[in-house]
Amino acid sequence: MTALNTQPDARESLLSPAFMHRLERLDVMSRKMLRGKLQGERRSKKKGQSVEFADYRSYVVGDDLRHIDWNLYARLDKLFLRLFMEEEDLSVSIVLDITKSMDFGEPNKLLYAKRVAAALGYIGLSHYNRVNLYTFADSVADMAQGMRGRRPIPRMLNFLQDLEPVAGENVSGNLAAACKRLSMIQRQPGVIILLSDFFDKGDVAEALRYLGGEKHDVYAIQLLAPQEVDPAKGNILGDLRLRDIEDGDIAEVSVSPALLRRYKTNLQAYCQHVREQCLKRGVAYMISETDVPFETLVLKYLRQRGLLG
Amino acid sequence: MGFLSPITALIAAGITIPLLVALYFLKLRRRQMMISSTLLWKKAIQDLQVNSPFQRLRKSLLLLLQLLILGALLFAMARPTLETIASPGQRVVIVIDHSGSMNATDVSPTRLDEAKKAALELIDNLDIGSGAGASGGASGGGGKGGAMVVSIAQSARVRQSFTNDPALLRDAVRGIDPTDQLSRLGPALNLIEPFADNSSADESDALVVYIISDGRVLGGGQPMSLAGAELRYIPIGGGPGGMAGAADPDNLGIVSFSARRDFDKPEIVQVFARVVNFSTHTVKANLTLTLDGRVTRVQPISLKAAPPRTDSDTPPTNAGHETSVQFDFVLPGSALVELSHDYGDQLTSDDAVRLTLAPARRLRVLLVTRGNAFLIKGIQSAGVRQLAFMAPEKFEKQDPLSLKRGGWDAAGASGLAGEGFDVIIFDGYSPKSTPKVDSLYFASAPPIDDIQRVTSREDEPASQRVLTWERDHPLLRYVVLDDVILSEPGRLVVSPQATVLATGQSGPIMAEIVQDGVRHVVASFDVLQSNWPIKISFPVFLGNTVQTLGLGGLADDAGIAYRTGEIASIPADTGGTLTYTGPTTLNVRRTQGAAILPPFTRVGLYTTDAAVDPPFDRLGVNLLSPDESDIRTADILNVSTVAGSTTAKTSAIRREVWRWFIWGALAVMLIEWLVYTRRMHL
């Protein structure tokens, strides 16, 4: 049996100190004004306690007298309230696919996903956002919720480092079930970053249906190993009995140029399908191969796509 | 279709077919590999399958093709046979007719090609043993097995003696060229007869003779017989006894053609021709006469259909409806006379005939005598217009060449201006030098070693009769010598080169010899010492002799024309090679004043650039044979074999066709390979 499982030592550091230092200059951006839970560094739609003036409104009985603009009352003889912008924190949920299909490729997709998650989590925590980590296979498998501030950074990294692909013959990915479960757990509006290869034999559209909508600002990052994009790199040649690493499904193929062409066409079509479904649900989509340095992905591509800023 | 060894094939089928199917169901051993998801691979395979036409068929196409290959091989193993006109035999003689009638196009492309095809098929199916060497001795009939190829036309020719090598036999068959000659089966049977071993009791050892012909064959005047052999006749061509699918015979043939000059006015030429319709319907055509290529006369003719021929017509007889035509015209000089018809029929070699008309000429005869009134009268009665007399003494003073070419001393000869002579007759005087002109000698002989005159001895009878003479010789045609009594005729001592024309009680008394192209006819007796001059045969003989010696081949005809198969003798004074070009090219060496051309094989006009006197510069060769022009295929050949006369007819026998299945299997194998390769490169 041959599997491209090259996961390094679990204890290996996911982020280098230098890279962490570079990450501190970034912040997780949301395309939407999402309601936070606590006061934070992010402008909210609510009017609140910050020093930044927002608007005036007429006084109604019961309003806090401290917010009345007395100077204006002196000039106009009417009571007006000064309104200020509210600043709230942002919920950043990072969802990792830990099905066996992610434990594949050179570089390994799961390790790559962990590093990206670590980087995003680090950025989120550095800016006092509330960071939640979720993993899923056939449903949500594990989670680390409610991390805020720099203190839980080691916890987050440990959580990520300890992640292993879900074992068991009958455990195969079910993105729809996972997303449904996630939508029930993560009620707080926020940014959701989904890291997966999206090799799900179910319906991707149904899965995205649970995450779409106004409540969340969802980013879907599809990770593919170079061996999946070009099977020839993975020595997939000749008469083969291909076994699905997740469900043990068998495909007997005689690999020929025509078949490889057809595979690549199908891969493109599948990625396009995922992309279209994402766009349909208002989900930002991006794809990356794991041979792209994850630092480049984080520092360059995610910034270009507006997730980081 | 039948099978020679079906059991073997069935056993082989019982073993191999289940084996093939079992092998087909054995799966390919594949390398196992883990991948992240089979999702896209399965979809890719499905897409390919959906996009390939006849995908469902394709799954089992290879098996189907392999079964087809195996089936074809098993069929071949069962040795399938078809009924055909060929069979294996112990020893086989294949006689192929390549005469003029075999050029008929009622079967495509020609009958000869069809005959060669039939012969090749026959060879393909010959069960000739391998290893037994070729043998062809006339005494024993050869060893076991083997086949021989003989072609027949005017003469029979062994193309390949007995051999077990089919390649040699095929080459021999392919090497047979068409001719326009007559077809004579008799010589072929004589050629084959020594190989027929009729002493053997084993029937399987009998000689099998296949005669592939249209049946228009002649026995050479003799009843055809071949003892100890089994004859099988394979008819070629259309007609009552012909091949299925062949067209009805359709031929209009010119079977006779000649020209004569008027006896009194030689410039007037009469051309005679006979045209016969051998078709099964009425034929209308135009006969065109050309002189040196210029159309002189066109005459329409209409001939009814030939009456149906019956079996009693064999050997073939002319059964067509015929007409005779005559053309008269004035032509003193030489010309090529050609007669043709415009009816498009199946045999072209008898559609046109040609002859070379000789210039009008009068014979000039020199009689060297001391006086012989009987001889003079006889010569004059032979139609000689210019007769000169010369005493032996005066003759000896003449230059021999001037007597031939002219310029001799004509002093005292009335009405002569010294032209050359055509014939010299010596009466009781032997010249000291051999004349350069054809000569007739009475009681004398030319000074050559091959023929000498000996006077009668005393013990020989004084009066003798002529015992035998060559009645068919042109000089003695219509000459009866029964009542001729000769007094002391003497005799001739002749060499084998001489032809004895008449023999008396003491030996040859008349002979002919040709030396340096000059003919000398020598009679040992003196006509005045016999009663011959008062017999009617005397002027007849003189007429024959003067005409034959003086005119050669033009004695009977005003033109020169040959038939295919004939040998032409061309008078030629000089040596070297003489070349005639025409349908074929003929090269001969001129020796002794003449060039002897080989037998003509094709009709047409043969011309030469060499200095040859007319009419021999253009030789017309014609078919002129009602037997060959009658292209209706005979359904039976009457050839007597062992006991009485049996009729050789078509015999249907089985022909093996396993090669077809082998080729078929190879073709399917190629297709299978292509399908397999294409599948691997999807």
Side-chain angles (χ1 to χ4, degrees), chain A residues 1-5 99-105 108-110 165 172-173 197-202 204 223-225 227-229 231 234-271, chain B residues 16 18-70 667-682:
Chain A
M1 192 195 307
T2 304
L4 292 168
N5 186 351
T99 56
K100 277 189 174 177
S101 67
M102 288 293 285
D103 187 19
F104 182 84
N108 188 276
K109 287 193 289 183
L110 185 57
S172 61
D197 56 8
F198 289 94
F199 283 155
D200 188 274
K201 289 180 180 172
V204 176
L223 298 173
L224 294 176
Q227 294 78 18
E228 289 166 338
V229 177
N235 197 26
I236 296 183
L237 292 169
D239 296 314
L240 295 175
R241 192 162 186 267
L242 301 176
R243 188 182 176 88
D244 194 315
I245 202 168
E246 281 187 26
D247 58 6
D249 186 30
I250 298 295
E252 291 188 341
V253 295
S254 293
V255 180
S256 62
L259 187 66
L260 289 178
R261 280 197 299 276
R262 177 60 62 179
Y263 171 86
K264 289 176 182 174
T265 308
N266 284 344
L267 178 65
Q268 285 179 358
Y270 183 72
C271 294
Chain B
T16 53
L19 201 63
L20 173 66
V21 176
L23 280 172
Y24 189 80
F25 284 112
L26 287 178
K27 286 197 169 183
L28 182 68
R29 185 179 176 84
R30 294 175 184 273
R31 188 158 54 96
Q32 187 155 297
M33 180 173 264
M34 300 296 281
I35 55 166
S36 55
S37 177
T38 54
L39 176 71
L40 298 173
W41 287 105
K42 284 203 162 177
K43 196 165 174 353
I45 295 167
Q46 282 173 1
D47 286 349
L48 278 183
Q49 288 173 346
V50 168
N51 289 335
S52 298
F54 309 113
Q55 185 54 40
R56 193 166 287 182
L57 266 180
R58 234 173 60 107
K59 278 190 173 176
S60 56
L61 187 58
L62 281 179
L63 175 64
L64 191 70
L65 290 172
Q66 286 161 4
L67 283 174
L68 265 176
I69 294 167
L70 186 60
V668 179
M669 201 175 285
L670 182 68
I671 295 168
E672 195 250 356
W673 179 77
L674 287 172
V675 169
Y676 177 78
T677 314
R678 185 168 170 72
R679 188 174 176 178
M680 283 297 102
H681 286 87
L682 274 175

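Just so we're on the same page: letters track the sequence lines, and every chain starts at 1.
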Review point. Looking at A:Asp197, A:Asn235, A:Thr99, which one has more heavy-atom pairs under 4.5 Å with chain B than the rest?
Key: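 That would be A:Asn235.
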Separation of [Y] [atom2] from [X] [atom1] (nearest 0.5 Å):
| X | Y | atom1 | atom2 | answer |
| --- | --- | --- | --- | --- |
| A:Leu240 | B:Met33 | CG | CE | 6.0 Å |
| B:Leu39 | A:Ser101 | CG | OG | 10.5 Å |
| B:Trp41 | A:Ile236 | CH2 | CD1 | 5.0 Å |
| A:Leu242 | B:Ile35 | CG | CD1 | 4.5 Å |
| B:Met34 | A:Ile245 | CE | CD1 | 5.0 Å |

Region of [X] in contact with chain B, defined by heavy-atom distances below 4.5 Å:
| X | value |
| --- | --- |
| A:Leu260 | side chain |
| A:Asp200 | backbone |
| A:Tyr270 | side chain |
| A:Lys264 | neither |

Check your understanding: Heavy-atom distance under 4.5 Å between the side chains of B:Gln32 and A:Arg243, does that happen here?
Key ->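 B:Gln32 reaches A:Arg243 side chain to side chain.
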Point to revise | Contacts of type salt bridge (charged side-chain N to carboxylate O under 4.0 Å, His left out), residue A:Lys201, not counting sequence neighbours | key: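 Per chain and number, A:Lys201 pairs via salt bridge (charged side-chain N to carboxylate O under 4.0 Å, His left out) with A:Asp244, A:Asp247, A:Asp249.
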**Study point:** Residue of the set A:Glu246, A:Met102, A:Lys100, A:Lys109 for which side-chain contact (heavy atoms from CB on, under 4.5 Å) holds with B:Ser36
**Key:**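 By the side-chain contact (heavy atoms from CB on, under 4.5 Å) criterion, B:Ser36 pairs with just one of A:Glu246, A:Met102, A:Lys100, A:Lys109: A:Lys109.
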